[in-house]
**Student:** 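I'd like to ask you about the structure that follows.
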2 protein chains.
Amino acid sequence: MISKKAKYALKALKVLAEKYGKGPVLISEIAERERIPKKFLEAILLDLRNNGVLQSQKGKGGGYMLRIAPEEVSFSKVLRIIDGPIAPALCVSMFFYGRCDDCKDEETCSLRTVLTKWRDANLTVLDTTTLADILKAENAYVAPSDAA
Amino acid sequence: MISKKAKYALKALKVLAEKYGKGPVLISEIAERERIPKKFLEAILLDLRNNGVLQSQKGKGGGYMLRIAPEEVSFSKVLRIIDGPIAPALCVSMFFYGRCDDCKDEETCSLRTVLTKWRDANLTVLDTTTLADILKAENAYVAPSDAA
DNA sequence: CACTTAATCTATAAGTTTTATAGATTAGAT
DNA sequence: ATCTAATCTATAAAACTTATAGATTAAGTG
């Protein structure tokens, strides 16, 4: 399960992806539209900015905007910034590798083989899914007809 | 990331899978072999028993054993018992479905489309991976030679 | 029946992470 | 100067994780 924070982040990024190239968006506007506690959202957006995903402008006419194109913002990038490791365990993490303190011998850990497979399946989806895909999903939705 | 508890559970189950059909195994034996705090492990095994994965026997000659064959114990089954939902969000969970309190309209949530895809990729791996696969990985390991 | 073994149950708690809230401060625009 | 909106600092309730301790129950053994 991803954290609420990560879900908030993705929803906020969806809004910013929609307005990509159309100038800055206010925190308060995003917060209202997506029902995110404003102060909490502030911290999230700041985090995304400090990690190169967003760009901000203070003062009147200011706000937040994407620094890179929606197609460039993968889920894995966002999740790593907000939630940390994507891998099911540190011992198979590519960006947050760490030894498992309960593991006797990492080389021969049979669990690790399986965890690696799981990690790769995850990354296949998360590396290739971007904000652009959320937008596509948004537009693809057609209200079900009563015909059936 | 899975919890330590889940990792402990999988490691304990690996031991029990090895001894499948060979009588009960003591909690203390598993705890020592896998370096798991004994009291903590007790709770984990009990949980697995109450959910039909394990079977226990009190008193002398007692211990824990698998109730079903290693090939029948999938990762998804274990993880749902120990860590709960496997899905990245409750709104796309098959076993723990719940509405997201911050979501205006679930039907049109664009994030949900992507989360569903992610969930399915996860399940493809976790439903088909069982304790038997851990054992296979265990036996498949061959120490690297110095030749290279 | 008394004794030993080993799982089971109940209670407690330290530690960490998550999910926020409040208020002061800084940078930019007019 | 003044208004605006992001930024920084501090705080904290709530939930979850990771345990530990001790009493109890069930089963087998002599």
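Lettering of chains follows the sequences in order, A, B, ..., and the numbering in each one begins at 1.
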**Student:** So B:Leu45, base contact, sugar-phosphate only, or nothing? Heavy-atom distance under 4.0 Å.
**Tutor:**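 Nothing: the residue B:Leu45, judged by heavy atoms under 4.0 Å, touches no strand.
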**Student:** How close or far is atom P of D:dT17 from atom CG of B:Asp47, stated in whole angstroms?
**Tutor:**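 Answer to the nearest Å: 12 Å.
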**Student:** Could you state the atom-to-atom distance from CG of A:Asn50 to C1' of D:dC8 in whole Å?
**Tutor:**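 Answer to the nearest Å: 11 Å.
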**Student:** I need the single residue from A:Leu131, A:Leu48, A:Val25 that forms a side chain to side chain contact (heavy atoms under 4.5 Å, CB included) with A:Leu16. Which is it?
**Tutor:**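 Of all the options given, the one that passes is A:Val25.
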**Student:** Give a yes or no on whether a salt bridge exists between B:Lys19 and B:Glu29, defined as a side-chain N under 4.0 angstrom from a carboxylate O.
**Tutor:**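 Looking at B:Lys19 and B:Glu29, the cut-off is met.
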**Student:** How long is the span from the CZ atom in A:Arg80 to the CZ atom in A:Phe96, to the nearest 0.5 Å?
**Tutor:**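 Reported to 0.5 Å precision, the distance equals 7.0 Å.
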**Student:** From C-beta outward on B:Leu46, which listed nucleotide comes closest to its side chain: C:dC9, D:dA5, C:dT19?
**Tutor:**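 Ranking C:dC9, D:dA5, C:dT19 by closest atom to the B:Leu46 side chain puts C:dC9 first.
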**Student:** Just how far, in rounded Å, is P of C:dT21 from CG of A:Leu41?
**Tutor:**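 Taking atom P of C:dT21 as the reference, CG of A:Leu41 is at 12 Å.
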**Student:** CD of B:Glu42 versus P of D:dA21: gap in Å, rounded?
**Tutor:**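 It works out to 12 Å between those atoms.
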**Student:** Atom CD1 of A:Ile2 and atom C1' of C:dT19: how far apart are they, to the nearest Å?
**Tutor:**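 Between C1' of C:dT19 and CD1 of A:Ile2: 15 Å.
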**Student:** Pick the closest DNA chain C nucleotide for A:Gln57 and for A:Lys4 by heavy atoms, then say which residue is nearer the 5' end.
**Tutor:**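 Here A:Lys4 is the residue nearer the 5' end.
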**Student:** Say whether B:Asp127 and B:Ser74, considering side chains only, have a donor N or O and an acceptor N or O under 3.5 Å apart.
**Tutor:**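 Not at all, the side chains of B:Asp127 and B:Ser74 share no donor-acceptor pair under 3.5 Å.
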**Student:** In whole angstrom, give the distance that lies between atom OH of B:Tyr8 and atom C1' of D:dT17.
**Tutor:**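 So the two atoms are 11 Å apart, to the nearest Å.
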**Student:** Could you work out which one of D:dT18, C:dA20, C:dA22 sits closest to the side chain of A:Pro37?
**Tutor:**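 Comparing D:dT18, C:dA20, C:dA22 against the side chain of A:Pro37, the answer is C:dA20.
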**Student:** What distance separates A:Arg119 CZ from A:Thr124 OG1, expressed to the nearest 0.5 Å?
**Tutor:**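 Those atoms lie 10.0 Å apart.
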**Student:** Choosing from D:dT29, C:dA24, C:dC9, which nucleotide comes nearest the side chain of B:Lys60?
**Tutor:**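 Closest nucleotide among those given: D:dT29.
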**Student:** Can you tell me the distance, in whole Å, between the NZ atom of A:Lys38 and the C1' atom of D:dT4?
**Tutor:**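 Distance check: A:Lys38 NZ to D:dT4 C1' gives 10 Å.
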**Student:** Just the rounded figure in Å: distance from C1' of C:dA7 to CG of B:Leu48.
**Tutor:**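 Checked: the CG to C1' distance equals 15 Å.
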**Student:** What's the closest nucleotide to the A:Lys39 side chain, out of C:dA20, D:dC8, C:dC9?
**Tutor:**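 When the side chain of A:Lys39 is considered, D:dC8 is the closest of C:dA20, D:dC8, C:dC9.
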**Student:** Of the nucleotides D:dA6, D:dT18, C:dG23, which has the atom closest to the A:Ser56 side chain?
**Tutor:**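 Between D:dA6, D:dT18, C:dG23, the one nearest the side chain of A:Ser56 would be D:dA6.
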**Student:** Between the base of D:dT25 and the side chain of B:Lys58, is there a donor and acceptor pair under 3.5 angstrom?
**Tutor:**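 Yes, the side chain and the base share a sub-3.5 Å donor-acceptor pair.
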**Student:** If each of A:Gly61 and A:Lys5 is mapped to the nucleotide of DNA chain C with the nearest heavy atom, which maps nearer the 5' terminus, i.e. the 5' end?
**Tutor:**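 Result: A:Lys5.
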